[in-house]
Amino acid sequence: MSKYHFNEIEAKWQKYWAENGTFHAQNDSDKPKYYVLDMFPYPSGAGLHVGHPLGYIASDVYARFKRHQGYNVLHPMGYDSFGLPAEQYAIQTGQHPADTTRVNIEGGVDKKGNKIAGYRNQLDKIGFSFDWSREVRTSNPDYYKWTQWIFIQLFESWYDNASDKARSIEALISIFAEEGNEHVDASCDDDTPSFTAEEWNGYADAEQQKILLKYRLTYLAETEVNWCPELGTVLANDEITNGVSERGGHPVIRKKMMQWSMRITAYAQRLLDDLAKIDWPQPLKDSQTNWIGRSEGASVTFKVMPNVTSSAVEKGHTIEVFTTRPDTIFGASFMTLAPEHDLVAKITTPEQKAEVEAYVEATAKRSERDRMADVKTISGVFTGAYAEHPFTGNPVPIWIGDYVLAGYGTGAVMAVPCGDQRDYDFAKHFGIEIPNIFEGIDISEEAFADKENTIIANSDFINGLNYKDATRKVIDALEAKGQGKGKINYRLRDAVFSRQRYWGEPFPVYYKNGLPQMIDLEHLPLELPAVEKYLPTETGEAPLGRASVWAWDTNLNKVVSNDLVSPSGVEGSESDNGVYPLELNTMPGWAGSSCYMFRYMDPKNPEMLASEDALKYWGNVDLYIGGSEHATSHLLYSRFWVKFLYDRAVLPVDEPAKKLINQGMILGESAFVHRALPILLSPQKGIKELNFLPFQIFASEDLILNGTFREERNTKHAEAASLVWDWMLENGYEHAEGDAIEFNFQAIHADVSYVNTSNELDREGFMGWRPEFQNAKFINTDDGAFKVSREVEKMSKSKYNVVNPDEICFQYGADTLRMYEMFLGPLDQAKPWSTAGITGVHSFLKKLWKLYHGGAEGAFQVSDATPTKDNLKTLHKTIKKVEEDIENFSFNTSVSTFMIAVNELTQQNCNSREILEPLLVLISPYAPHIAEELWNKLGHTQSIATAAFPKYDASHLVESSKEYPISFNGKMRFKLELPLDMSKEDIEAAVMAHERTQQQLDGRTPKKVIVVPGKIVNIVG
RNA sequence: GCUGAAGUGGUGGAAUUGGUAGACACGUUGGACUUAAAAUCCAAUGGGCAUUAUGCCCGUGCGGGUUCAAGUCCCGCCUUCAGUACCA
């Protein structure tokens, strides 16, 4: 009797695959290549839950399928192992994040004594076909050496708009030396000065370095951050609520800090354009498009007027604004600056000073997020200053308002209240004039923003023109006056690249005379220094400020003690000994994840990110699977870096991934027990909450309705009340006339591991879960069961609804887990996990096993019998459907298809090798262990992974007749079997002649008969 | 507010270009096997009304529309989830 011992089978084949390197990809092969990649995980200490492997299973099915199709498949896995949780754990426990990270990956025991299974062990149990010989970890110095190297490449590059690509900084220096920067069209800082070749050549080295920094693709700049003085750290918007830190509730201020930035804006247009050539989900493309936020319009320069009421105002200021509606310029009746705008302090009149300052201060206290969420409140202050309208010369009052954001455009708008609702609301609120410049439009209620139907009026030289013509004329006129030009604006901002953290890549940067210098590649990696604590320093420096050995010796080319740093650090001075301080910040999380896909191609190469041959052979990722939450972070930054490395001829491709699929989240089914909170209702003593009882009372879910015991269950109410009374009377309470006990119910999370598939609670387990439950009393249903209620929520430790894949593998097997995850529903959709349903998939695998074990006593039996027509039909329709499903990533429907196939073949008593052998190959991407085992029993010595995918033969599915649905007025009434080659006329005749048709018509004559051959017949009338 | 996705039995979900709504599972009920349980197998299972069978009506979030025919297409709503940036 051969039973399906999945645990043994799975362990056996996992071992076999590992020992034989079954899934090692070759960098040279005659086969076509295919690269399947998962977004690599952050190895958290909590381990995997069943939601994590969903995408990995899908990609694994696809990778295995592609191998069967004859591709040389690269399917690697690694870890995005730098990150905040490890650092915070290090702060709490003092353990080095490298140690805890290793334990999280490889398993072990943490300092608190918790046993950690380890990501790798958990993943291995699921039977993935990863090529582990290519594993990368971003926190590994051998890996982050290349992250540092890419950073240096960015530093050594500038973006040439003329050739629309990044070029070496050396090339820029030669241009400067020969002709200055007059003809250079580059993406650079706004405040870059103009200079001639003579001037350039005359600059001191430091001056030249400063100018070059304005061109480099990564550069130092003052950036505003959320600074929390109490915590000594910078906080993300997420970490701030109502202006105070989420942790500890400390005040947060906006502070400028010198930080590294990435000039991603140089790539805005290409990032936008190239979306067209990648096969990514449309919603994801849309969010990148919106994030980049291209808008066409004009920049307009307004001159600030000498103030009529005060001579104290500075003169000669200009305000640059960006507008998408230059055609409405005659409707501009005021201007609004962001409160943070540099000019605010300079142009505000003395009379308005106090009010403006108070407003600016109030705004600074609000987080950016708060400010944006609040759409209703209109606020602002008049600065007292006026600007001159470029065409009419009229004075335009300058206001500040927090609806204008410093970070977008120029941080200033020309307000056209008749054409923009926000400007309109602002004008209405403050009683500012709202001139109407639209032909035949009523603006007494709201602004008119419909560009397409605009005809301009009251606007001098553009009267009667539409949006397009008026815009062109205004831009021409502005250019003629030197007060503006057509401009394309992007919402995308340069990306801040510095983090004040320990657990990230150190910058390969030291500072000589305050200017950043790169460490040469041959001396990389620059490894993280030891620190005694992982917190920022008391003086507010980043954690690396605690390192005592963190200076760069340019003579020895190594890290040396801080004590050796040149006292002055000025090059060439007597005290300059060639030792300089190193950068204290580290790189952000996305640094290590932007180009990791290329490192897998040649992961051990000490000379290069990956060899030219490997890069050329593998190209880019053919299929990338991951969550949509990375749409505007990882996936945008990665595209940016890949384009950059393409420009600099490091990579042969300019996109990381050709095709991308988002997997949806698997939600948890939380369990709730209902706690009955007793209340004493006493005519003498009033209402009293009995919250001092030494036990808690829980009632089965089905006894409760609308927060109280169901009416028909008043015996249950009595049962609960008597528990309370017994204790009360024992403890000296005297029952008085009219006393009654009522209950309020409170739902609390119970750990799902104490709940079975019928929603019944393991009461003993639950009582042992937490001390406060140890004396719990249960009000059960009549049959003695205690039920919990269920609710679908995000799967998370804090909701006690986490289901561990290891346990599923132990109980049902990895093949069952894999198939069930695929069976749950469409890959890209969010769906709840319910362990209850898993038995269906599990018994399918048992049936599959039985299909191959039809011999005496359940012995393995496959015959060489010629398959029947039905056998072949079942097989080939399965091949067709499964192949289509995998190509369409419709994995859930192919699992159904397998179930149907096995049910049919069992019914047909099929044991023919000609059918059962190809069937295994079809199933093996989903359930590789059982397929491998049965394949082996069939006498194969090679892994099933090497078998070719069966060929679909349409001839087995040819039908000669069709069971036509015969419908009347669109409603199907009966079916009729007719030959498929029957003509329309004959079909109609056959249907009309049928007695059921006559019965349906009941003597009426049909108005019309619709016959769709091969499909349907519909009789109307 | 905006953008995107989604609403189908008790549950997860099927339904290729409009053409038999509810495939495949879970659950439930009944039955077989068993001393019993588990496992396994068989049958029924959208709601309602009928019944000797044959049947009939209603049904894919709501309200309209197009069509011989609508879960699918169009218009207008509602709800849920996700993302988010008052974008000049």
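Note that the structure is predicted; figures quoted are calculated from it, not measured. Per chain, numbering begins at 1; letters A, B, ... match sequence-line order. For the numbers below, each heavy atom of this structure counts, side chains included, while hydrogens, waters and symmetry mates do not.
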*Asks:* Whole-Å distance between B:rG12 P and A:Lys831 NZ?
*Replies:* 13 Å
*Asks:* Given B:rC87, B:rC86, B:rU16, identify the nucleotide with an atom nearest to the side chain of A:Tyr403.
*Replies:* B:rC86
*Asks:* Counting only side-chain heavy atoms from C-beta out, which of B:rU20, B:rC87, B:rU16 sits nearest to A:Glu884?
*Replies:* B:rU16
*Asks:* Is the distance from the ring center of A:His842 to that of A:Tyr820 below 6.0 Å?
*Replies:* no
*Asks:* Any chance the side chains of A:Thr363 and A:Asp402 put a donor and an acceptor closer than 3.5 Å?
*Replies:* no
*Asks:* With rounding to the nearest 0.5 angstrom, report the CD to CG distance, A:Gln288 to A:Leu275.
*Replies:* 5.5 Å
*Asks:* Which listed nucleotide (B:rG13, B:rC87, B:rU40) is nearest to the side chain of A:Pro826?
*Replies:* B:rG13
*Asks:* So what does A:Ser287 touch, heavy atoms closer than 4.0 Å: a base, only the sugar-phosphate, or nothing?
*Replies:* nothing
*Asks:* Looking for any heavy atom pair under 4.0 Å, which part of the strands does A:Thr839 touch: base, sugar-phosphate only, or nothing?
*Replies:* sugar-phosphate
*Asks:* How far does the C1' atom of B:rA15 sit from the matching atom of B:rA69, given to the nearest Å?
*Replies:* 16 Å
*Asks:* Taking pairing as Watson-Crick or G-U wobble with both contacts under 3.5 Å, can you name the mate of B:rC62, or confirm there isn't one?
*Replies:* B:rG76
*Asks:* Would you classify A:Asn1018 as touching base, sugar-phosphate or nothing, given that sugar-phosphate means primed atoms plus P, OP1 and OP2, and contacts are heavy atoms under 4.0 Å?
*Replies:* base
*Asks:* If we call it a pair only when both distances are under 3.5 Å in a Watson-Crick or G-U wobble match, what pairs with B:rA88?
*Replies:* none
*Asks:* For B:rC86 versus B:rA14, give the span between their C1' atoms, rounded off to a whole number of Å.
*Replies:* 44 Å
*Asks:* Taking only side-chain N and O atoms of A:Gln829, does any of them lie within less than 4.0 angstrom of OP1 or OP2 on B:rG13?
*Replies:* yes
*Asks:* Looking at B:rA21, B:rG4, B:rC87, which one has an atom nearest to any side-chain atom of A:Tyr408?
*Replies:* B:rC87
*Asks:* Rounded to whole Å, please give me the gap between CG in A:Leu976 and P in B:rG19.
*Replies:* 21 Å
*Asks:* Would A:Lys880 and A:Glu884 pass as an ion pair if we require N to O under 4.0 Å?
*Replies:* yes
*Asks:* With both distances kept under 3.5 Å, what pairs with B:rG12, Watson-Crick or G-U wobble?
*Replies:* B:rC24
*Asks:* Between B:rA23 and B:rU16, how far apart are the P atoms? Round to whole Å, please.
*Replies:* 15 Å
*Asks:* Using the C1' atom on both, measure B:rA5 against B:rA53 and round to a whole Å.
*Replies:* 49 Å
*Asks:* Looking at the rings of A:Phe330 and A:His389, which for Trp means the six-membered one, are their centres under 6.0 Å apart?
*Replies:* yes
*Asks:* So which nucleotide does B:rG71 pair with, by the Watson-Crick or G-U wobble rule with both distances under 3.5 Å?
*Replies:* none
*Asks:* Considering every strand and a 4.0 Å limit on heavy-atom distances, what is the contact class for A:Thr324: base, sugar-phosphate, or nothing?
*Replies:* sugar-phosphate
*Asks:* For nucleotides B:rU8 and B:rU72, find the distance between their P atoms and express it as a whole number of Å.
*Replies:* 14 Å
*Asks:* Touch check for A:Leu824, heavy atoms < 4.0 angstrom, all strands: base, sugar-phosphate only, or nothing?
*Replies:* sugar-phosphate
*Asks:* Would you say the side chain of A:Lys881 and the base of B:rU16 hold a donor-acceptor pair, judged only by whether the two atoms sit under 3.5 Å apart?
*Replies:* no
*Asks:* Round to the nearest Å and state the distance from A:Met665 atom CE to B:rG83 atom P.
*Replies:* 7 Å
*Asks:* With a 4.0 Å limit, can you tell me whether A:Arg422 has a side-chain N or O closer than that to the phosphate oxygens OP1/OP2 of B:rC87?
*Replies:* yes
*Asks:* Considering only atom P, compute the distance from B:rU79 to B:rU29 and round it to an integer number of Å.
*Replies:* 38 Å
*Asks:* So A:Phe823, base contact, sugar-phosphate only, or nothing? Heavy-atom distance under 4.0 Å.
*Replies:* base
*Asks:* Assign A:Val1020 to base, sugar-phosphate, or nothing according to its heavy-atom contacts below 4.0 angstrom with the strands shown.
*Replies:* sugar-phosphate
*Asks:* Out of B:rG4, B:rU16, B:rA14, which nucleotide sits closest to the side chain of A:Lys880?
*Replies:* B:rU16
*Asks:* Checking base pairs now: Watson-Crick or wobble, both atom distances under 3.5 Å. What partners B:rG4?
*Replies:* B:rC81
*Asks:* Atom CD1 of A:Ile838 and atom P of B:rG27: how far apart are they, to the nearest Å?
*Replies:* 12 Å
*Asks:* Using a distance-only test with no angle check, is there a side-chain donor-acceptor pair under 3.5 angstrom linking A:Asn489 and A:Ser295?
*Replies:* no
*Asks:* If you look at every strand shown and take non-hydrogen atoms under 4.0 Å, does A:Asn903 touch a base, only sugar-phosphate, or nothing?
*Replies:* sugar-phosphate
*Asks:* Base, sugar-phosphate or nothing for A:Lys1015? Non-hydrogen atoms, less than 4.0 Å.
*Replies:* base
*Asks:* If anything within 90° of 0 is syn and all else is anti, what is B:rG83?
*Replies:* anti
*Asks:* Determine whether a donor-acceptor pair (N or O, by modelled atom type, separation under 3.5 Å) exists between the side chain of A:Arg294 and the backbone of A:Arg491.
*Replies:* no
*Asks:* Give a yes or no on whether the ring-centroid distance for A:Phe426 and A:Tyr403 is below 6.0 angstrom.
*Replies:* yes
*Asks:* Toward the 5' end of RNA chain B, which comes first, A:Asp423 or A:Val895, by nearest nucleotide?
*Replies:* A:Val895
*Asks:* When the C1' atoms of B:rG59 and B:rC74 are compared, how many Å lie between them, rounded to an integer?
*Replies:* 23 Å
*Asks:* Find the distance A:Glu669:CD to B:rG12:P and express it as a whole number of Å.
*Replies:* 9 Å
*Asks:* Return no unless some side-chain N or O of A:Lys975 is found under 4.0 Å from OP1 or OP2 of B:rU20.
*Replies:* no
*Asks:* Write down the distance between CG (A:Asp885) and C1' (B:rC24), rounded to a whole number of angstrom.
*Replies:* 12 Å
*Asks:* Which nucleotide, if any, forms a Watson-Crick or G-U wobble pair with B:rA50, using both distances under 3.5 Å?
*Replies:* none
*Asks:* Distance check, C1' atoms only: B:rG9 and B:rA25, in whole angstrom units.
*Replies:* 14 Å
*Asks:* Under 3.5 Å, is there a donor-acceptor pair linking the side chains of A:Trp833 and A:Thr835?
*Replies:* yes
*Asks:* Grab the CG-C1' distance between A:Asn892 and B:rG13 for me, whole Å please.
*Replies:* 7 Å
*Asks:* Side-chain N or O of A:Arg973 less than 4.0 angstrom from OP1 or OP2 on B:rC57?
*Replies:* yes
*Asks:* Whole angstrom is fine here: how far is it from CG in A:Leu848 over to P in B:rA25?
*Replies:* 14 Å
*Asks:* Report the base-pairing partner of B:rU40 (Watson-Crick or G-U wobble, both distances below 3.5 angstrom), or none.
*Replies:* B:rA32
*Asks:* Just compare B:rA88, B:rA23, B:rC26 and give me whichever is closest to any side-chain atom of A:Ala836.
*Replies:* B:rC26
*Asks:* Report yes or no: do A:Asn662 and A:Ser628 form a side-chain donor-acceptor pair below 3.5 Å?
*Replies:* no
*Asks:* Ignoring backbone atoms, establish whether A:Lys971 has a side-chain N or O less than 4.0 Å from OP1 or OP2 of B:rU20.
*Replies:* no
*Asks:* How do A:Ser295 and A:Gln288 order along RNA chain B: which one's closest nucleotide is nearer the 5' end?
*Replies:* A:Gln288
